[in-house]
Amino acid sequence: QVQVVESGGGLVQPGGSLRLSCAASGSIFSIYAMGWYRQAPGKQRELVATITSGGSTNYQDSVKGRFTISRDNAKNTVYLQMNSLKPEDTAVYYCNAEDYSGTLHYWGKGTLVTVSS
């Protein structure tokens, strides 16, 4: 079992920045990739960014150049640095951990990001 806990959400003005953190615990040796997903009101959950154990990253097109995903293996923590935030980035952001088989996914409870003036 893996547990993931997000932190760092909040209210920010358009053009501002936030950094989300996701701390993993439990059977962390089984984690292949971690990522961030988001769900805006009335919309489906969508992938934002992922990072594998080897450091390979993947981003949704709308956040490329603005968001950066990184990981600190010593702290078992993944970060999402979000710059140049837009109102359309408003959503609940969820952390996800995927095991090597690709069949097990562990989700956090989410953290709300609101971009508004």
Side-chain angles (χ1 to χ4, degrees):
Q1 284 286 341
V2 174
Q3 296 80 42
V4 293
V5 179
E6 307 97 336
S7 62
L11 173 64
V12 63
Q13 293 186 339
S17 298
L18 275 178
R19 189 177 80 156
L20 305 182
S21 301
C22 173
S25 61
S27 302
I28 57 176
F29 60 87
S30 67
I31 297 174
Y32 166 67
M34 293 185 69
W36 290 94
Y37 292 71
R38 67 186 181 187
Q39 187 167 17
K43 295 187 177 181
Q44 291 188 332
R45 190 174 299 188
E46 61 180 8
L47 178 141
V48 177
T50 60
I51 185 167
T52 68
S53 57
S56 297
T57 59
N58 181 49
Y59 296 91
Q60 181 193 114
D61 284 347
S62 68
V63 307
K64 286 180 180 178
R66 301 189 297 124
F67 291 10
T68 302
I69 190 170
S70 62
R71 62 192 297 162
D72 183 335
N73 290 329
K75 296 182 178 180
N76 299 321
T77 299
V78 172
Y79 304 97
L80 185 68
Q81 178 66 44
M82 305 185 294
N83 299 327
S84 302
L85 282 160
K86 305 175 181 179
E88 51 263 43
D89 294 318
T90 295
V92 177
Y93 284 70
Y94 296 91
C95 181
N96 170 270
E98 176 185 347
D99 78 334
Y100 280 87
S101 73
T103 59
L104 293 178
H105 291 260
Y106 303 93
W107 293 93
K109 294 183 178 180
T111 185
L112 177 63
V113 172
T114 303
V115 185
S116 175
S117 55

Notebook entry, point to check: Do Ile51 and Leu104 share a hydrophobic cluster (ILVMFWY, side-chain heavy atoms under 4.5 Å, transitive)?
Noted result: yes
Next item on the list: Report yes or no: is the cationic atom of Arg19 (NZ for Lys, CZ for Arg) under 6.0 Å from the centre of the six-membered ring of Tyr79, at an angle within 45° of the ring normal?
Entry: yes
Note to self: So Asp89 and Arg66, do their side chains get closer than 4.5 Å, heavy atoms only?
What the structure shows: yes
Item checked: Minimum side-chain heavy-atom gap Tyr94-Arg45 below 4.5 Å -> yes
Notebook entry, point to check: Given side chains that start at C-beta, do those of Leu47 and Asn58 come closer than 4.5 Å, heavy atoms only?
Noted result: yes
Notebook entry, point to check: Do the non-hydrogen side-chain atoms of Glu46 and Arg38 ever get within less than 4.5 Å of each other?
Noted result: yes
Notebook entry, point to check: Do Tyr37 and Val63 sit in the same hydrophobic cluster, where Ile, Leu, Val, Met, Phe, Trp and Tyr count as joined when their side-chain heavy atoms come under 4.5 Å apart?
Noted result: no
Sequence neighbours left out, cut at 3.5 Å: what donor-acceptor pairs do the side chains of residues 20-29 make with other protein atoms?
unit_1, atom_1, unit_2, atom_2, d
Ser25, OG, Gln3, OE1, 3.4
Ser27, OG, Gln1, N, 3.4
Ser27, OG, Gln1, O, 3.4

Next item on the list: Working to the nearest 0.5 Å, report the span between CG of Leu80 and OG1 of Thr68.
Entry: 8.0 Å
Item checked: Side chain to side chain, Phe67 and Gln60, heavy atoms closer than 4.5 Å -> no
Notebook entry, point to check: Taking the side chain as C-beta and beyond, is there a heavy-atom pair between Ile69 and Val78 under 4.5 Å?
Noted result: yes
Compile the donor-acceptor pairs under 3.5 Å between side chains in residues 106-117 and protein atoms, sequence neighbours left out, one pair per line.
unit_1, atom_1, unit_2, atom_2, d
Thr111, OG1, Gly9, N, 3.1

Next item on the list: Supply the atom-to-atom distance Thr103 OG1 to Glu98 CD, rounded to the nearest 0.5 angstrom.
Entry: 8.5 Å
